Amino acid sequence: MRPNIITEAGIPTRLNQWWSSIPFVTSGVILICGVIYLLCLLIGYDSYVEICFLPSAVASHFQVYRFYTSVLFHGSLLHVLFNMLALVPLGTELERIMGSVRLLFLMLLLATTNAILHLTIAFLVAYNPLYHVPNLVNECSIGFSGVIFSMIVIETSLSGVQSRSVFGLFNVPAKWYAWILLVLFQFLASNVSLLGHLCGILSGFAYTYGLFNYLLPGPSFYSKIEGLSALSVCVRRPGFIMCTGGTTYGQLPTYSNTSAAPSALINGNFLRNISSWMPSRHISTAQEGEDTRFPGRARTLGSVGTEPTAREASAHLHARLLDNTTPSDPLTNTQHTAVNTVRADATVTAEQVDTFDEELKKLVGMGFEKTQAEVALAAADGDPNVAIEILMSQQG
């Protein structure tokens with residue numbers, strides 16, 4: 001009788017599975033940066049004077065193209081490897097939340113604002129009346145790390161976690177995470193652009209506090225982009241995540257004064273220091289009827305929740321990854337009518353109503369469609385755990 005043999009997947013298979021798990025835009029940025037570095041290596045191009053972010057050249061010759069070329073080029077193999085490995089968990093997490101087109105727009109916005117801040121601060125410091133530092137305007141900067149620092153701030157703010165691990169060695173308060181990384185990299189690595197990383201952090205905070213809201217288009221803009229026939233090949237790719245069309249990633253969390261529980265942990269494999277958390281998509285009552293726009297109004301860094309239990313984490317993760325049915329579903333409408341009738345005929349206290357609404361908000365925060373969540377919660381007599389099981393069985 002032939003014995004049962006259990007074999008492990010080989011390295012090529014594991015690499016293929018790892019690569020296929022990275023969404024479209026994130027993997028595209030990694031490929032572009034990697035190919036550009038290899039081409040520079042092959043042709044022996046290593047001066048980068050023509051493409052780096054050079055404040056004096058931008059100001060004197062209006063070379064705005066440097067805003068974007070500088071983030072795609074890297075000076076060494078370790079430079080590009082470190083940046084891209086850091087981008088994998090951050091980009092994957094944010095792309096799953098925002099959608100592919102939104103993340104691409106966000107990266108372009110961050111590259112632009114980082115460059116403008118870099119340019120402004122460089123000239124203010126270089127020509128301040130107290131002490132001149134002219135070398136700042138002649139500093140040639142390249143690399144994607146400025147955008148990565150912005151994404152670290154945004155992802156940390158969205159996650160609502162209380163602490164973050166630094167290289168797997170020690171934990172620090174989440175609100176200081178980006179600043180501590182800034183200091184560590186400045187001491188541990190040579191030839192690092194302090195101003196470039198600092199501007200990335202400042203852009204990230206500006207986004208999370210809503211200062212870029214007036215620059216962000218509404219959902220219809222992303223719908224039009226996704227509907228372009230020229231992009232149909234990209235949209236059909238397995239890793240492409242739609243911003244609209246009923247996916248659970250089409251709506252981002254907005255600012256709330258109340259803290260919500262963070263969702264499931266997605267572990268990063270890069271030095272065990274980059275742990276990505278799925279954000280809790282809390283929608284405040286005042287904003288439920290509003291046209292949700294591409295937000296920069298996520299929870300502030302001081303607003304944190306409690307650690308999730310294993311069951312809650314599993315429910316959060318499944319709610320993120322499964323698509324919801326549309327509200328136009330006849331079954332959903334019938335169930336919605338039924339639950340409204342039940343709630344109208346029932347006699348409940350004010351405390352019970354508040355509890356029901358609070359549990360309903362939690363289910364919506366997990367990513368469930370509001371109508372379905374209300375039906376399931378009513379059917380479960382207000383028990384959120386039973387409601388989650390009902391919702392999961394419907395989606396399955």
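Just so it is clear, the model here is predicted, and its values are computed rather than measured. Positions are given from 1 along the sequence.
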* Between His79 and Gly75, is there a donor-acceptor pair closer than 3.5 Å when you use the side chain of the first and the backbone of the second? -> yes

* Asked: If we only count heavy atoms from C-beta on, is the Cys33 to His74 side-chain gap below 4.5 Å?
  -> yes

* Side chains of Thr113 and Ile116: does their closest heavy-atom pair fall under 4.5 Å? -> no

* Does CG in Asn191 sit with more than 12 non-hydrogen atoms of other residues, nucleotides or ligands closer than 6.0 Å? -> no

* Do the side chain of Asn114 and the main chain of Ala111 share a donor and acceptor less than 3.5 angstrom apart? -> no

* Is the ring centre of Phe149 less than 6.0 Å from the ring centre of His197? -> yes

* Check: Phe240 and Pro23 side chains under 4.5 Å, non-hydrogen atoms -> no

* Taking all atoms of both residues into account, what is the closest heavy-atom pair of Val25 and Ser100, and its distance? -> CG2-O, 3.2 Å

* To do: Side-chain contact test, heavy atoms from C-beta onward, threshold under 4.5 Å: evaluate it for Glu359 versus Lys362 and give yes or no.
  => yes

* **Heavy-atom check, side chain of Val101 versus side chain of Leu104, under 4.5 Å** => no

* Asked: Given Asn171 and Val166, is the side-chain contact (heavy atoms from CB on, under 4.5 Å) satisfied, shown in steps?
  -> CA-CA 6 Å; Asn171 292 331; Val166 179; over 6 Å; no

* To do: Without swapping roles, check the side chain of Glu95 against the backbone of Phe24 for a donor-acceptor pair under 3.5 Å.
  => yes

* What's the verdict on side-chain contact (heavy atoms from CB on, under 4.5 Å) for Leu72 and Ile142, showing C-alpha distance, side-chain angles and the deciding distance? -> CA-CA 8 Å; Leu72 299 177; Ile142 57 173; over 6 Å; no

* Backbone N or O of Ile51 within a donor-acceptor pair of the Thr69 side chain at under 3.5 Å? -> yes

* Could you please spell out the steps behind the ring pair (Phe, Tyr, Trp, His ring centres under 6.0 Å) verdict for Phe82 and Phe185? => CA-CA 12 Å; Phe82 192 91; Phe185 284 130; 5.4 Å; yes

* **Shared hydrophobic cluster, Val49 / Phe73 (ILVMFWY, side-chain heavy atoms < 4.5 Å)** => no

* Would Tyr45 and Tyr48 satisfy ring pair (Phe, Tyr, Trp, His ring centres under 6.0 Å), going step by step from the backbone distance to the final call? -> CA-CA 7 Å; Tyr45 180 74; Tyr48 305 112; 5.5 Å; yes

* Answer whether the closest heavy-atom distance between the side chains of Thr156 and Thr208 falls below 4.5 Å. => no

* **N/O donor-acceptor pair under 3.5 Å between Asn16 side chain and Pro12 backbone** => no

* Has the side chain of Tyr37 got a donor or acceptor atom that lies under 3.5 Å from a matching backbone atom of Val80? -> no

* Are Leu39 and Leu41 connected in the hydrophobic side-chain network, where two residues link if heavy atoms are under 4.5 Å apart? -> no

* Nearest-0.5 Å distance, CH2 of residue Trp19 to CG of residue Leu15 -> 11.0 Å

* Closest contact, heavy atoms only, Pro55 versus Phe123 -> O-CE1, 3.6 Å

* Taking the side chain from Ser56 and the backbone from Val137, do they hold a donor-acceptor pair closer than 3.5 Å? -> yes

* To do: Could you grab the distance from atom CG of Leu54 to atom CD of Glu139, nearest 0.5 Å is fine?
  => 9.5 Å

* Is Leu188 linked to Leu81 within one hydrophobic cluster, defined over Ile, Leu, Val, Met, Phe, Trp and Tyr using a side-chain heavy-atom separation of less than 4.5 Å? -> yes

* Of all the heavy-atom pairs spanning Ala174 and Val161, show the shortest one and how long it is. => CB-O, 3.3 Å

* Check: Ser20 side chain, Gln17 main-chain N or O, donor-acceptor pair, under 3.5 Å -> yes

* Would you sort out whether His118 and Phe53 count as a ring pair (Phe, Tyr, Trp, His ring centres under 6.0 Å), showing the intermediate values? => CA-CA 9 Å; His118 192 148; Phe53 184 78; 4.8 Å; yes

* State yes or no: do Phe105 and Tyr214 share one hydrophobic cluster built from I, L, V, M, F, W and Y residues joined by side-chain heavy-atom distances below 4.5 Å, directly or via other members? => yes

* Asked: Roughly how far, to the nearest 0.5 Å, is CD1 of Ile121 from CG of Leu202?
  -> 5.5 Å

* Considering the options Leu182, Leu181, Ile201, which one meets the side-chain contact (heavy atoms from CB on, under 4.5 Å) requirement together with Ile152? -> Leu181

* Going through the distances and angles, do Met84 and Val88 end up as a side-chain contact (heavy atoms from CB on, under 4.5 Å)? -> CA-CA 6 Å; Met84 294 304 102; Val88 169; 5.7 Å; no

* Gap separating the OH atom of Tyr177 from the OG atom of Ser165, nearest 0.5 angstrom -> 7.5 Å

* Indicate yes or no: does Arg102 engage Glu226 in a salt bridge with an N to O separation below 4.0 Å. => no

* Nearest heavy-atom neighbours spanning Cys243 and Gly99 -> SG-CA, 3.9 Å

* Asked: Does any N or O in the side chain of Arg66 come within less than 3.5 Å of the main-chain N or O of Cys52, such that one atom is a donor and the other an acceptor?
  -> yes

* To do: Report the distance from atom OG1 of Thr26 to atom CG of Leu31, rounding to the nearest 0.5 Å.
  => 11.0 Å

* Structure fact -> Note: Pro89 and Leu85 closest approach over all heavy atoms is CD-O, 3.1 Å

* Do Ile36 and Ile32 come within less than 4.5 Å of each other through their side chains, counting heavy atoms only? -> yes

* To do: Give the intermediate values and the outcome of side-chain contact (heavy atoms from CB on, under 4.5 Å) for residues Met107 and Met151.
  => CA-CA 9 Å; Met107 287 180 174; Met151 294 171 69; 4.2 Å; yes

* Phe187, Leu194: one ILVMFWY side-chain cluster at the under-4.5 Å cut-off? -> no

* Asked: Quick one: are Ser150 and Ser203 in side-chain contact, heavy atoms under 4.5 Å?
  -> yes

* Asked: Knowing that exactly one of Ser145, Ser141, Cys199, Cys140 qualifies, which makes a side-chain contact (heavy atoms from CB on, under 4.5 Å) with Ser193?
  -> Ser141

* **Interatomic spacing from OH in Tyr207 to CG in Asn213 - rounded to 0.5 Å** => 8.0 Å

